Protein chains: 2
Amino acid sequence: MSKRHATSRTTACCDLAGILPPRFFKALGDPNRIALLARLAACGRPCGVTEMAACCPIDFSVTSRHLAILRDAGIIHSEKRGKEVHYAVRFQEISTALRAMADALDGCCPSRKTKAKGTTK
Amino acid sequence: MSKRHATSRTTACCDLAGILPPRFFKALGDPNRIALLARLAACGRPCGVTEMAACCPIDFSVTSRHLAILRDAGIIHSEKRGKEVHYAVRFQEISTALRAMADALDGCCPSRKTKAKGTTK
DNA sequence: GTTATACTTGCATAGTGACGCAAATGAGCA
DNA sequence: TGCTCATTTGCGTCACTATGCAAGTATAAC
């Protein structure tokens with residue numbers, strides 16, 4: 001964050017598309033995946049696919065696929081332990097990403113630009 | 001901050017599904033919609049559908065539909081002015097929502113729970 | 001009233017995603 | 001080696017979504 005004048009702020013605004021990755025949002029756009037994520041978060045520890053599948057009314061294989069989609073989107077993280085695969089929520093990464101998006105939007109907001117000079121935080 | 005002990009924090013975690021609305025994410029899950037949102041944000045002022053459509057390689061009617069989807073998801077806001085419909089980004093609402101999601105996730109994070117007692121904010 | 005402009009909606013089509021079942025893969029165990 | 005458990009992958013089906021075209025609606029100008 002070195003050069004930060006009017007022009008750079010406009011540029012940052014145009015770059016909004018780069019900060020908002022469709023794949024991330026697409027991964028979170030399914031109710032079952034949100035349910036899985038919530039369950040995984042509530043669990044408080046890495047969980048296997050079998051354990052996760054128990055909470056959803058969908059086929060076991062579908063649960064596995066949903067978890068893979070969430071993993072590919074960088075939302076959860078998988079680790080192989082013996083014959084099990086343990087999934088865990090990437091709390092830090094997601095919240096950082098969400099805050100970065102919020103900051104980017106604040107940086108674009110016309111009223112913010114006029115009122116305050118710097119971005120929030 | 002009235003009753004906020006271990007149990008309530010666990011409850012907040014289970015409620016994650018309520019804080020992460022699929023429709024919001026679904027709306028942001030399309031590249032063209034992200035492009036439209038970025039364009040609208042870069043514009044810095046309310047824009048009509050015709051003006052927005054110029055930036056996307058899709059049919060005019062599709063642009064209109066995409067904007068409607070973004071509006072129904074609470075991401076943008078529409079206002080009729082004469083025969084034009086002006087769309088504008090709801091900067092404040094989105095960034096607030098994103099930060100709320102980030103906070104909720106932080107509140108669920110096991111390491112945070114152990115280290116710090118209160119939730120962020 | 002008629003015409004032009006701005007936008008929305010109906011409809012058909014192609015592409016994508018979610019789903020369940022069954023088979024395949026991989027790791028531990030007898 | 002053969003067996004079992006945990007998970008992934010292939011495949012067909014159904015549903016939803018994005019898209020373009022054409023028709024419809026609403027508002028302003030003539």
Side-chain angles (χ1 to χ4, degrees), chain A residues 17 20-41 43 45-90, chain B residues 17 20-41 43 45-90:
Chain A
L20 305 171
R23 194 169 67 159
F24 175 84
F25 294 115
K26 208 173 277 188
L28 293 175
D30 183 87
N32 280 326
R33 283 197 289 270
I34 291 290
L36 283 168
L37 183 64
R39 158 84 178 199
L40 196 54
C43 205
R45 55 174 174 77
C47 290
V49 182
T50 309
E51 195 175 353
M52 297 295 300
C55 86
C56 274
I58 52 176
D59 191 77
F60 180 81
S61 66
V62 180
T63 302
S64 173
R65 253 185 273 257
H66 277 316
L67 290 170
I69 289 170
L70 288 170
R71 184 197 47 199
D72 292 345
I75 295 163
I76 61 176
H77 156 262
S78 73
E79 189 188 351
K80 194 150 194 182
R81 285 189 204 171
K83 57 182 170 180
E84 293 184 5
V85 175
H86 284 200
Y87 286 94
V89 180
R90 306 183 74 170
Chain B
L20 305 172
R23 194 170 68 158
F24 176 85
F25 294 115
K26 208 174 278 188
L28 293 174
D30 183 88
N32 280 326
R33 282 198 287 271
I34 290 290
L36 284 168
L37 182 64
R39 158 84 178 198
L40 196 54
C43 205
R45 56 175 173 77
C47 290
V49 182
T50 309
E51 196 175 352
M52 296 294 300
C55 86
C56 274
I58 52 175
D59 191 77
F60 180 80
S61 66
V62 180
T63 303
S64 173
R65 254 185 271 257
H66 277 316
L67 290 170
I69 290 170
L70 288 170
R71 184 198 47 200
D72 292 346
I75 294 163
I76 62 176
H77 156 262
S78 73
E79 189 187 351
K80 195 152 192 181
R81 285 190 203 172
K83 57 181 173 181
E84 292 184 4
V85 176
H86 285 202
Y87 286 93
V89 181
R90 307 183 74 170

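Being a predicted model, the structure only gives us computed values, none of them experimental. In what follows, chains carry the letters A, B, and so on, assigned in the order in which the sequence lines appear, proteins first and then strands, with residues in each chain numbered from 1.
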Query raised in the report: Considering only side-chain heavy atoms of Lys80(A), which listed nucleotide, dG26(C), dT17(D), dA6(C), is closest?
Result: dG26(C)
Query raised in the report: Which of these nucleotides, dC21(C), dT9(D), dT8(C), is closest to any side-chain atom of Ser64(A)?
Result: dT9(D)
At 4.0 Å (heavy atoms only), tell me whether [X] reaches a base, stays on the sugar-phosphate, or touches nothing.
X	result
Val85(A)	sugar-phosphate
Arg33(B)	sugar-phosphate
Val62(B)	base

**Report entry** Distance (rounded to the nearest 0.5 Å) between Arg23(A) CZ and Ile69(A) CD1
**Finding:** 10.5 Å
Query - Validation row: Leu67(B), Ser78(B) side chains within 4.5 angstrom (heavy atoms) - result: no
Query raised in the report: Considering only heavy atoms from C-beta outward, does the side chain of Ile58(B) approach that of His66(B) to under 4.5 Å?
Result: yes
Query raised in the report: Does a distance-only test, which skips hydrogens and angles, find a donor-acceptor pair under 3.5 Å between the side chain of Ser61(A) and the base of dC19(C)?
Result: no
Query raised in the report: Is any N or O donor-acceptor pair between the side chain of Arg65(B) and the base of dG20(D) shorter than 3.5 Å?
Result: yes
Calculate the interatomic distance between [X] atom [atom1] and [N] atom [atom2]; express it in whole Å.
X	N	atom1	atom2	result
Leu67(A)	dT9(D)	CG	C1'	15 Å
Asp59(A)	dC11(D)	CG	C1'	14 Å
Arg23(B)	dC16(D)	CZ	P	16 Å
Asp30(A)	dG17(C)	CG	P	12 Å
Ile69(A)	dA18(C)	CD1	C1'	8 Å

Report task. Tell me which of Lys83(A) and Asn32(A) sits closer to the 5' end of DNA chain C, going by the nucleotide each one is nearest to. Result -> Asn32(A)
Query raised in the report: Any luck finding a side-chain donor-acceptor pair between His77(B) and Glu79(B) under 3.5 Å?
Result: no
Query raised in the report: Phosphate oxygens OP1/OP2 of dA6(D): is one of them under 4.0 Å from a side-chain N or O of His86(A)?
Result: no
Report task. Please check the phosphate of dA6(C) (OP1 and OP2 only) for any side-chain N or O of Tyr87(B) closer than 4.0 Å. Result -> no
